[in-house]
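Please read the structure below before turning to the comments.
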Amino acid sequence: MTTTLVKNLYRETEKFTGKEVQVSGWIRTVRDSKTFGFIELNDGSFFKNVQIVFDEKLDNFKEITKLSVSSSIVVNGVLELTPQAKQPFEIKATKIEIHGTSSPDFPLQKKKHSFEYLRTIAHLRPRSNTFSAVFRVRSVAAYAIHKFFQERGFVYVHTPIITGSDCEGAGEMFRVTTLDLNDVPRTEEGKVDTSKDFFGKETNLTVSGQLNGEAYALALRNIYTFGPTFRAENSHTARHAAEFWMIEPEMAFAELEDYMDIAEEMVKYIITYVMENCPEEMEFFNTFIEPNLFDKLNNVANSDFARITYTEAVEILKKSGVEFQYPVEWGIDLQTEHERYITEQVFKKPVFVTNYPKDIKAFYMRLNDDGKTVAAADLLVPGIGEIIGGSQREERLDVLESRINEMGLKKEDYWWYLELRKYGGTKHAGYGLGFERILMYLTGMTNIRDVIPFPRTAGTAEF
RNA sequence: UCCGUGGUAGCUCAAUGGUGGAGCAUUCGGCUGUUAACCGAAGGGUUGGAGGUUCGAGUCCUCUCCACGGAGCCA
């Protein structure tokens, strides 16, 4: 007899009613009486459990009552509807085969655990309600992103994980080397001789695929990347990880407005897709993780995102009369407290802040006609802060070169990037979406460590 | 890196400087429809580590490790 997935039992219950079925999975709990008992079984295919009823007619009845949490079993039985009970149906077992018993010291109990504790058992936490829901949503959200871009003709580009350019400029990098760190080859000046290293030069893990992505956008028009990204920042916050996943679309013949339009459409698409395809998981988050999550998400899916300029944001903050820890002044970067005030207090929905002063933004962002600001836009959302950062790119070779000089960078390091402007350059725009950050927003989980299967953060690379 | 909070049973948490407890989990027993089942009993501790003050330290002091939260950095 073939095994049926619990998801199918729930989705097509009529088809199985009164029929003999086989299910397999891990025990969440056993409640036994003298002559009969109940098992809550989760088979991994579905958020909900299926209730198994068993009695002393089974020759291994006594053995089954003693099974501890997370033992794995295969059950044959008849599916019966139970309209008056909490669960819609249950399986009356005719045979229960024990595949793997679980030690009584199984660390996941039938009670609420702190997320901190669950992080210490990252190999077992996907067996809990919360984490099974988070990681099923993670998978569906990733698919939604691919679906969104593929449906619009974007080409999925795999940009390198190991990069030879130290000029991506988005943060501290992890060095990649095969040199013997106990006996590093030196040059005559005493510096590390990277010509002896695996690639014959210094290499690092990528902090962004954007520069490579631009090369492909200027050939395939609309592209996106979706892959791991690494930042060696010594960050200790709920929203930073050393290894995370990022989506970086890049569009040729596009301006800042085009980027914001597609980004807004994308965020709404992901929300709608996940709500439709993970109803049980989302219901759980709405009930137990973030009350009113549905209101928040529906509000985002059905409203236009606000769009204000940096200059307007500064005015709003100045006029607010709020005492900020960091005073606001045109020219300084907005602090987290400022961003939160704007998105959480003023607009109460996602906000694009555009046209930042050039001195606080990256060299590749397109200089506006005022000569003071660049065509950048960050998307701020309540509770998370910055979820997307992007810009129109500087396509004018001479302007780009002088920006590189201004910022004290070396032209030679960007030779191929500059050539993209030399050979048929055009205006183009793109952005970076932090995948974990949008997952946090979707699920209501407040710590990035709880939306990555095995999180890597400063000081922690367990599992 | 800076600031703050915390570390007590497997887990979640109590304990005025004076005999370290509870709930859940575990083990054993009871119970004929349970729903984080229920009822009864038992076992379970180097109070993160080192040093100090004190007749006496989980509690006070110094140092240290770790975790969490916030800031910076950013996605």
Side-chain angles (χ1 to χ4, degrees), chain A residues 28-40 48-56 65-66 68-69 80 82 84-88 90 92 102-121 128-129 168-172 207-210 225-248 263 288 324-326 333-340 360-362 378-381 384-390 431-441 446-452 457-460 462:
Chain A
R28 284 289 177 83
T29 173
V30 182
R31 295 181 289 269
D32 68 280
S33 228
K34 193 174 187 177
T35 58
F36 68 98
F38 304 92
I39 296 171
E40 292 282 335
K48 291 183 177 171
N49 306 319
V50 60
Q51 174 159 287
I52 312 293
V53 189
F54 64 102
D55 61 30
E56 59 184 348
T65 62
K66 294 201 185 317
S68 46
V69 176
E80 289 183 7
T82 51
Q84 69 290 347
K86 275 194 178 180
Q87 71 286 347
E90 63 191 17
K92 285 244 192 317
S102 177
S103 176
D105 59 1
F106 183 66
L108 264 177
Q109 298 161 34
K110 297 179 283 184
K111 58 167 267 189
K112 213 172 163 169
H113 286 287
S114 67
F115 291 142
E116 282 170 48
Y117 169 68
L118 291 168
R119 276 170 221 149
T120 69
I121 50 168
S128 67
N129 284 334
E168 289 175 349
E172 293 295 312
V207 292
S208 166
Q210 182 204 317
T225 72
F226 189 170
T229 309
F230 307 88
R231 305 269 167 95
E233 303 286 351
N234 191 17
S235 295
H236 294 272
T237 76
R239 60 185 191 284
H240 289 87
E243 178 182 296
F244 63 99
W245 286 61
M246 187 155 67
I247 297 99
E248 294 181 288
F288 293 106
F324 293 108
Q325 198 187 338
Y326 295 88
D333 206 356
L334 296 179
Q335 304 293 308
T336 298
E337 58 172 344
H338 304 142
E339 295 181 343
R340 291 186 67 137
I360 58 172
K361 286 291 182 182
D378 290 349
L379 180 64
L380 313 177
V381 298
I384 312 284
E386 188 179 338
I387 201 167
I388 290 176
Y431 61 94
L433 165 75
F435 184 51
E436 284 77 14
R437 291 199 178 164
I438 197 150
L439 281 177
M440 292 165 71
Y441 194 66
T446 54
N447 196 308
I448 196 167
R449 297 169 182 89
D450 298 327
V451 296
I452 304 180
T457 53
T460 306
E462 199 55 58

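Just so it is clear: chains get the letters A, B, ... in the order the sequence lines come, proteins before strands, and each one is counted from 1.
Distances shown here put every side-chain N or O of A:R239 at or beyond 4.0 Å from the OP1 or OP2 atom of B:G69. Residue A:Q335 places at least one side-chain N or O under 4.0 Å from the OP1 or OP2 atom of B:G72. Close to B:U32, at under 4.0 Å from its OP1 or OP2, lies no side-chain N or O of A:K34. A close approach under 4.0 Å does not occur between any side-chain nitrogen or oxygen of A:N129 and OP1 or OP2 of B:A36.
For A:R231 against B:A75, a side-chain-to-base donor-acceptor contact under 3.5 Å is present. A:H240 contributes a side-chain N or O that forms a donor-acceptor pair with the base of B:C73 under 3.5 Å. A donor-acceptor contact under 3.5 angstrom links the side-chain atoms of A:Q109 to the base of B:G10.
If you check every strand for non-hydrogen atoms under 4.0 Å, A:T460 touches sugar and phosphate atoms only. Using a 4.0 Å heavy-atom criterion, one finds that A:Y326 contacts the sugar-phosphate atoms exclusively. A:N234 comes within contact range of at least one nucleobase, with a heavy-atom separation under 4.0 Å.
Residue A:E116 has its side chain nearest to B:A67 when only B:G72, B:G69, B:A67 are considered.
Here, B:G48 and B:G58 have their P atoms 10 Å apart, quoted to the whole Å.
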Applying salt bridge (charged side-chain N to carboxylate O under 4.0 Å, His left out), run through A:E436 and A:R239 and close with a yes or a no. CA-CA 8 Å; A:E436 284 77 14; A:R239 60 185 191 284; over 6 Å; no
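In this structure, A:F324 has its ring center under 6.0 Å from that of A:H338.
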